[in-house]
Amino acid sequence: MTLPDTRPTPDVRTGDAGIPTSLPARVGVLGGGRMGAGIAHAFLLAGARVHVVERDDQAAAAARDRVATALERSAARGRDLPDADTLSVGSDPAGFAGAGLIVEAVPEDRALKIDALTRIEAAVDAGAVVASNTSSISIDALAASLRRPERFLGLHFFNPVPASALVEVVTGAATTPEVVRAATDWVEAIGKSAVVVRDAPGFASSRLGVALGLEAIRMLEEGVASAHDIDTAMELGYRHPMGPLRTTDVVGLDVRLSIAEELERAFGARFAPPALLRKLVAEGHLGRKTGRGFYEWSA
């Protein structure tokens, strides 16, 4: 579906350090999986042109389909759709040239992210802001491999991106205040709320969320209560919109395991992944995306 483009011309006024004071006209996303497609969807609805890069042409086509599906769902809820040509996909980071913001959204693996970020930086203009969607890996550790760490920060989106109202803006030691202010404005421009946190293992949300999730898994492992009853206790007793085990299924058990391992390296045994979590991941039961985790999920 394509509707007439009635959006105003993007405001490209720049503030300190030449950083746009409004949403960049062009945004890049490296990684077109569930998270990357959701990030692309958010920027498209806000009026930016978005280029998504995947590892090969087949993966790029799949990313396009994910974004298109998300846009169709938005249209069903009454949202105006951008023109079809505002989204482009490919397999070459050179396509990011001219983008004011590029968000890395590859899986939660330090080496993979460093490789992705260095490829982005090599392809973009010196004035671009580069962000990682990491949920737990140190921004300073990732920045150490970059030539322009002052224009790098974390933009931690939450899954599923279209339904989540929060983005964590994670500042590294070298990130300039101008980049932080611009990123916070951009988060608000796509209709989400920003919280600014200093770089620390797990930041604020993952550190707290994983601590609760791991304890819930240990309780299930010990037979304290069923998954449903553990979740219901938090939903009704503490007004959580979703219990910690169901949340783990939505996030992905493999993602939660990777974050827990990262936090265990930083903080020790209190974040040690329970054996049940390792077992389910080893068996391929990763939550909603595979149809089974702590719950059974329909296709």
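For this chain, numbers begin at 1 and follow the sequence in order.
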Side-chain contact, heavy-atom cut-off 4.5 Å: [X] with [Y]?
X	Y	result
Leu146	Arg151	no
Val281	Leu286	yes
Pro244	Asp231	yes
Leu45	Ile190	no
Ile102	Val27	no
Thr171	Leu153	no
Arg49	Asp85	yes
Phe152	Leu117	yes

- Message: I'd like to know whether His240 forms a side chain to side chain contact (heavy atoms under 4.5 Å, CB included) with Thr247, so could you lay out the CA-CA distance, the side-chain angles of the two residues, the decisive distance to 0.1 Å, and finally the verdict.
- Response: CA-CA 10 Å; His240 287 200; Thr247 298; over 6 Å; no
- Item | Listed partners of Ser138 passing side-chain hydrogen bond (donor to acceptor under 3.5 Å, both in side chains), at least two apart |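 Counting only residues at least two positions away or on another chain, Ser138 forms a side-chain hydrogen bond (donor to acceptor under 3.5 Å, both in side chains) with Asp199.
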- Query: What pairs with Glu261 under side-chain hydrogen bond (donor to acceptor under 3.5 Å, both in side chains), at least two apart in sequence or on another chain?
  - Reply: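 Scan of Glu261 (side-chain hydrogen bond (donor to acceptor under 3.5 Å, both in side chains), adjacent residues dropped) gives Arg278.
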Applying side chain to side chain contact (heavy atoms under 4.5 Å, CB included), can you list everything that pairs with [X], at least two apart in sequence or on another chain?
X	answer
Glu222	Arg218, Val224
Asp109	Ala111, Leu112
Arg73	Thr69, Arg77

Identify, with sequence neighbours excluded, every residue that meets ring pair (Phe, Tyr, Trp, His ring centres under 6.0 Å) alongside [X].
X	result
Phe267	Phe271
His41	none
Phe96	His51

Consider only side-chain heavy atoms of I, L, V, M, F, W and Y, link residues closer than 4.5 Å, and tell whether [X] and [Y] are in one cluster.
X	Y	result
Val50	Val103	yes
Val130	Val179	no
Phe43	Leu81	yes
Val197	Val167	no
Leu30	Leu155	no

Shortest non-hydrogen contact between [X] and [Y], atoms and distance:
X	Y	answer
Ala105	Ile39	CB-CD1, 4.2 Å
Ala272	Leu214	O-CD1, 4.4 Å
Ala194	Val169	CB-CG2, 3.9 Å
Leu101	Pro24	CB-CG, 4.0 Å
Ala173	Asp140	N-OD1, 2.8 Å
Gly32	Arg66	O-NH1, 2.6 Å

Interatomic distance, [X] atom [atom1] to [Y] atom [atom2] [nearest 0.5 angstrom]:
X	Y	atom1	atom2	answer
Met35	His156	CE	NE2	6.5 Å
Thr248	Tyr295	OG1	OH	10.0 Å
His285	Trp297	NE2	CH2	15.5 Å
Leu257	Leu280	CG	CG	10.5 Å
Leu276	Ile217	CG	CD1	6.5 Å
Ser132	Leu142	OG	CG	5.5 Å

Output a table of donor-acceptor pairs, distance under 3.5 Å, between side-chain atoms of residues 157-166 and any protein atom two or more places apart or on a different chain; print 'none' if there are none.
| unit_1 | atom_1 | unit_2 | atom_2 | d |
| --- | --- | --- | --- | --- |
| Asn159 | OD1 | Arg34 | NE | 2.9 |
| Asn159 | ND2 | Val250 | O | 3.0 |
| Ser164 | OG | Leu166 | N | 3.4 |

- Query: Which ILVMFWY residues are connected to Tyr238, directly or by a chain of links, through side-chain heavy atoms under 4.5 Å apart?
  - Reply: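 Hydrophobic cluster check, Tyr238: joined to Leu212, Met234.
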Side-chain ([X]) to main-chain ([Y]) donor-acceptor, under 3.5 angstrom:
X	Y	value
Arg148	Ala128	no
Ser206	Phe203	no
Glu168	Ala204	yes
Glu264	Pro273	no

- Task: Begin from the C-alpha positions of Val53 and Asp92 and carry the test side chain to side chain contact (heavy atoms under 4.5 Å, CB included) through to its verdict.
- Result: CA-CA 6 Å; Val53 170; Asp92 186 350; 6.0 Å; no
- Selection residues 54-64 - residue pairs positive for side-chain hydrogen bond (donor to acceptor under 3.5 Å, both in side chains), sequence neighbours left out: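 Listed by first then second residue: Asp57-Ser91.
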- Message: Enumerate the side-chain hydrogen bond (donor to acceptor under 3.5 Å, both in side chains) contacts for residues 110-120, please, sequence neighbours excluded, ordered by first and then second residue.
- Response: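 Residue pairs with at least one partner in residues 110-120: Glu104-Lys113, Arg110-Glu262, Asp115-Arg119.
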- Query: Hey, is CZ on Arg265 packed in by over 12 heavy atoms from elsewhere, all under 6.0 Å?
  - Reply: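 Enclosed.
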- Task: Could you walk me through whether Val67 and Leu71 pass side chain to side chain contact (heavy atoms under 4.5 Å, CB included), step by step?
- Result: CA-CA 6 Å; Val67 178; Leu71 289 172; 4.1 Å; yes
- Item | Val129 and Trp186: CA distance, side-chain angles, deciding distance, side chain to side chain contact (heavy atoms under 4.5 Å, CB included) verdict | CA-CA 11 Å; Val129 173; Trp186 297 342; 3.9 Å; yes
